[in-house]
Amino acid sequence: MEDQTAPAPSIPTLKPPRTRRAENPYAKSLRQFARNRFAMVAVAVIVLTVLVCAAAPYLTTSDPVGRDAANRLLPPSAASPMGTDELGRDMLTRVLYGGQISLQIGFMSVLVSVVIGVPLGLISGFVGGKIDNLIMRFMDLILAFPGLILVIWLVGLLGSSVTNVIIAIAVFSLPTYARLTRGVTLSLQNAEYVIAAHSVGATPLRIMAHHVFPNILGSLIVVATLSFSGAIVTGASLSFLGLGVRPPTPEWGALLSAGRSYLRNAWWISFFPGIVITVVVLALNIVGDGIRDALDPNLANK
């Protein structure tokens, strides 16, 4: 006799819901930054300026320091889009080569101050006690001097050169990074993940590198971007005063200073370097503001 029992219906297996992976906050900030059209245009301006200045030997065949008395003080033309200076040197060539020096001063001074100031701030905030007091009093000593006066004094003491200008600007910027890092480090001392790292026996160096520093990175990027523009202006100011890069080496501030005596009959000598400084510094400030807005969760959610 055949079995009339119907087979039991199969119960469909339910797949567990997929857990959505937490989004990387830096990727989210990058997308937020990419939506800022003004910031993206500013990034394009900065990148274009760096590339053009770096490629100066391939874009122009003129000598940036050679003299040509027969072509002195020529106005802008098709042959010389930015004219020539009092010694017949092509201004476009000197602006391009001068950009290499100015951008180097800005980047290297920020890099040196970050490399020295951030570790000092981490040690000061994490260790505390006498070491904290010693480091902070040294930073207060630097802050006791007016910024440009301190830089002028250091350059006068060390001598006029690109390296000494970088050192002077880096020393002036040290307190910014040290105090910022120390403040964030102190605020994270009682954070749960820092206490947990202490409890499992993590070394102070590991805690500072893996748990404290990543929380400072966003603020450091913003401050460094804005400091970059300030360093370019400070370097140009020193050269304008005759304390920076020595002639005939081209540098944006030195080019601006060289045209002071020719403003009435050769305005282009100062005009074009001044425009380039203004555009680059403005672009850097816009990028810094864009990064700050992208990293600020309150602004990002608006």
Can you give me the closest heavy-atom contact between Tyr177 and Ala224, atom names plus distance? OH-CA, 3.4 Å
Of all the heavy-atom pairs spanning Gly290 and Ala39, show the shortest one and how long it is. CA-CB, 4.4 Å
Examine distances only and state if a side-chain atom of [X] and a backbone atom of [Y] form a donor-acceptor pair shorter than 3.5 Å.
X: Ser124; Y: Gly121; value: no
X: Ser160; Y: Leu243; value: yes
X: Trp252; Y: Gly274; value: no
X: Thr84; Y: Leu73; value: yes
X: Ser187; Y: Val184; value: yes
X: Thr225; Y: Gly288; value: no
X: Ser102; Y: Gly99; value: no
X: Ser227; Y: Val223; value: yes
X: Arg292; Y: Val222; value: no

Applying the 4.5 Å side-chain criterion to the ILVMFWY set and letting contacts propagate, would [X] and [Y] be lumped into a single cluster?
X: Leu282; Y: Leu103; value: no
X: Val279; Y: Leu226; value: yes
X: Leu111; Y: Phe172; value: yes

Within 45° of the axis and under 6.0 Å from the centre of the six-membered ring of Phe126, does NZ or CZ of Arg182 qualify? no
Side-chain atoms of residues 49-61: list all donor-acceptor pairs with protein atoms under 3.5 Å, sequence neighbours left out, distances to 0.1 Å.
| residue | atom | partner | partner atom | Å |
| --- | --- | --- | --- | --- |
| Thr49 | OG1 | Val45 | O | 2.7 |
| Thr60 | OG1 | Ser62 | N | 3.2 |
| Thr60 | OG1 | Thr93 | OG1 | 2.8 |

Would Arg246 and Thr249 satisfy side-chain hydrogen bond (donor to acceptor under 3.5 Å, both in side chains), going step by step from the backbone distance to the final call? CA-CA 6 Å; Arg246 295 179 178 179; Thr249 304; over 6 Å; no
Going from [atom1] on [X] to [atom2] on [Y], what distance comes out if it is rounded to the nearest 0.5 angstrom?
X: Ile135; Y: Lys130; atom1: CD1; atom2: NZ; answer: 14.5 Å
X: Leu134; Y: Met139; atom1: CG; atom2: CE; answer: 9.5 Å
X: Ser199; Y: Glu192; atom1: OG; atom2: CD; answer: 11.5 Å
X: Ile275; Y: Met82; atom1: CD1; atom2: CE; answer: 9.5 Å
X: Ile207; Y: Thr203; atom1: CD1; atom2: OG1; answer: 7.0 Å
X: Tyr97; Y: Leu255; atom1: OH; atom2: CG; answer: 13.5 Å

Could you go through the salt bridge (charged side-chain N to carboxylate O under 4.0 Å, His left out) check for Asp85 and Arg72 one step at a time? CA-CA 6 Å; Asp85 65 2; Arg72 60 187 301 270; over 6 Å; no
Arg179 and Asp140: salt bridge (charged side-chain N to carboxylate O under 4.0 Å, His left out), yes or no, with the steps? CA-CA 10 Å; Arg179 293 171 74 91; Asp140 291 340; 2.9 Å; yes
Please tell me if the side chains of [X] and [Y] come closer than 4.5 Å, counting only heavy atoms from C-beta onward.
X: Thr181; Y: Leu220; value: yes
X: Thr185; Y: Ile216; value: yes
X: Arg89; Y: Pro248; value: yes
X: Phe107; Y: Phe228; value: yes
X: Val280; Y: Ser229; value: no

So for atom CG, which belongs to Leu148, do other residues, nucleotides or ligands contribute more than 12 heavy atoms lying within a distance under 6.0 Å? yes
Do Arg137 and Asp132 sit within salt-bridge range, that is, some charged N less than 4.0 Å from a carboxylate O? no
Checking Thr163 now: which residues fulfil side-chain hydrogen bond (donor to acceptor under 3.5 Å, both in side chains) with it, not counting sequence neighbours? none
In the hydrophobic cluster built from side-chain contacts under 4.5 Å, what are the other members alongside Leu87? none
Ring centers of Trp268, Phe272 separated by less than 6.0 Å: no
Between Ser80 and Asp90, does a side-chain hydrogen bond (donor to acceptor under 3.5 Å, both in side chains) hold up when you go through it step by step? CA-CA 6 Å; Ser80 298; Asp90 182 58; 3.2 Å; yes
